[in-house]
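In each ligand, atom 1 is the first atom listed, and ligand 1 is the first ligand listed.
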Amino acid sequence: MSIKEPSHDFSQLRSRVERRPKHPGLNIIGVSAGYHDSACCLLQDGVLVAAVQEERFSRVKNDKAFPRKAFRYCLEAGGISIADVDSIAYYEDPTQKLGRQLWMGMMPGLPAERRGSIFDRMVKTQPQQVIRRLFGYEGPIEIVDHHLSHAASAYYYSGFDDAAILTVDGVGDWPTTTYGWGKGIDVGRFEQVDFPDSLGFFYSAITGYLGFEVNEGEYKVMGLAPYGEPIYADQIRNLIEVTSEGQYRLNMKYFAFLTEDSMYTEELATLLGKPPREPESEMNQFHMDVAKSVQVVLEEVMLEKARYLHSKVPSENLCMAGGVALNVVANGRCLREGPFKRLFVQPAAGDAGTSLGAAAVAHVRITREAPVKEKMSHVYLGPANTSEDACQILQTSSAKFKDFRGKEDELIRYVVDRLIEGKVIGWSQGRMEFGPRSLGCRSILADPRRPEMRDRINALVKMREAFRPFAPAVLQSKAHEHFDIDHPSPFMLETCQVISPIDLSAITHIDGSARVQTVTRETNPRFAALLEEFDRRTGCPILLNTSFNVRGEPIVCTTVDAIMCFVRSQIDLLVVEDFVLDRAGIPPLWDLQAQQRFEKPGDGEAVGHLVYTLL
Ligand SMILES: [Fe+2]
């Protein structure tokens, strides 16, 4: 598999772009869709100018619908129309995927209903037709293999001139794991593991067994693991046989995902000696020990395969993407104990990020040059809400709010006063983050020194499990004084030990670790200013930072989303752009509208709870 496989003759396109005035240049839209977490991005002359997940607009968590609204946003962000789009890069190969669907559809013992739904879906979801019909686009569509999209999403945004590349997910096209390399503008692959053997499904099966939502609750398993002991690791090693070179095999008697709407069989429960946990039921030590055990086995396999990759590609640099690459604990172990000196993980390592990789590959195929090859320094690539819009929404209601337009210093001081008082702040400013993490533009913020904050936010705002830790945002210049970390960590993709002289119990996990975001003025000036003022007043350059949403819903996007989330939750104070609203300022009508809005389902198609959307 190589990047040098264009599916079109680009000579006409190149001459058309060369004749065009410099702006808007070469416009490539990357699309990932139909699986989970659909997204679009826009590359203009190789510069990533916009990227957003469809769920943020549709308000359907992990929306897999074709990303019409995200596509429209990318056009707006680039100041272009559909006529200016030179290429749409699609994130997977429908022919390969069709082969897998046919294989699955012909599986012996498959219930007729499931067989029918596989064949029905094969006809409905041919992406080229859908792109032309939904987007009204008639230009070239560049098809990019799914794991090549993952690999490119890490390598081209890593800043490395060469790297070994490891991609690991549930499944994409046929592969579930790939081993490759990047050098200059080229990305290549030398080995892959194919479906149904999948490290992603291995971890997801235990996620489902532990009563969490598959393809959503995996990070909860990772968060639960430090509370347990790996006493079931030997049993769990029966699920996966690590074979030679890059290969491994799942023991399919424990996995049901090929023929049923479940990830695991009853044999898994027999192996572990207890029935699966019912969702939302009580968590006990057994569940924590199983979580620790699966985490340990995943780390063992990842570490061994990272060593194998280095034996074939002896670079100092490792790039990773794919949903499993969001397991920051396993990544950290690969870096600490493995042979690589540097690691770059694509911040949107799941399928949303494949839109970036597909667009980058299309750019290389068309121009024979790399996209602008700088290390990704931020993910503030989504829509911004203007102060004017926010003002209009607030003024046309009877909300009582404070107006800090033109007085940012005052705004910052006011918010810091409230944080010191122990208030929980909904904070919406600037361009929304791309990927799964809130990084100071759509965040809930609180004082990390207050031990009660963790329980309060868990219970009243997030309505989520009490065991899950919150993450800290820290001024980059002072991160080393409080955390055992000596380099920037702008995307919350690393864990490290808390070494602070301050008691930071609200953001410290039970094993003494924290998943740190380092913040600078260059990438997020207003958030950095808030941290600086909090530091000046308290001597603590750190804030608790969690995503601005309630459980089961996407992170807020618009000012209206932020207001709705604020009204429905127990957040004390809302900051939207230059305006501040407290709970006493909420007009009665908003309360009613918020309830109505959240009772109404979104217009997209939600993903299943029990099994990956394999089709
Ligand atoms: Fe994937």
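Defined by atom type and a distance below 3.5 Å, a donor-acceptor pair is present between the side-chain atoms of T178 and T167.
For D161, the CG atom is loosely surrounded, since the number of other residues' heavy atoms within 6.0 Å does not exceed 12.
Between P371 and V364 there is a side-chain heavy-atom pair separated by less than 4.5 Å.
Backbone or side-chain N, O or S atoms of H147 do not reach the Fe ion (ligand 1) at under 2.8 Å.
To the nearest 10 degrees, the Fe ion (ligand 1) sees NE2 of H150 and OD2 of D169 at an angle of 100°.
The existence of a salt bridge linking D197 and R249 is confirmed by a sub-4.0 Å separation between a basic side-chain nitrogen and an acidic carboxylate oxygen.
The N, O or S atom of D351 lying closest to the Fe ion (ligand 1) is OD1. For H146, the N/O/S atom at the shortest distance from the Fe ion (ligand 1) is named NE2.
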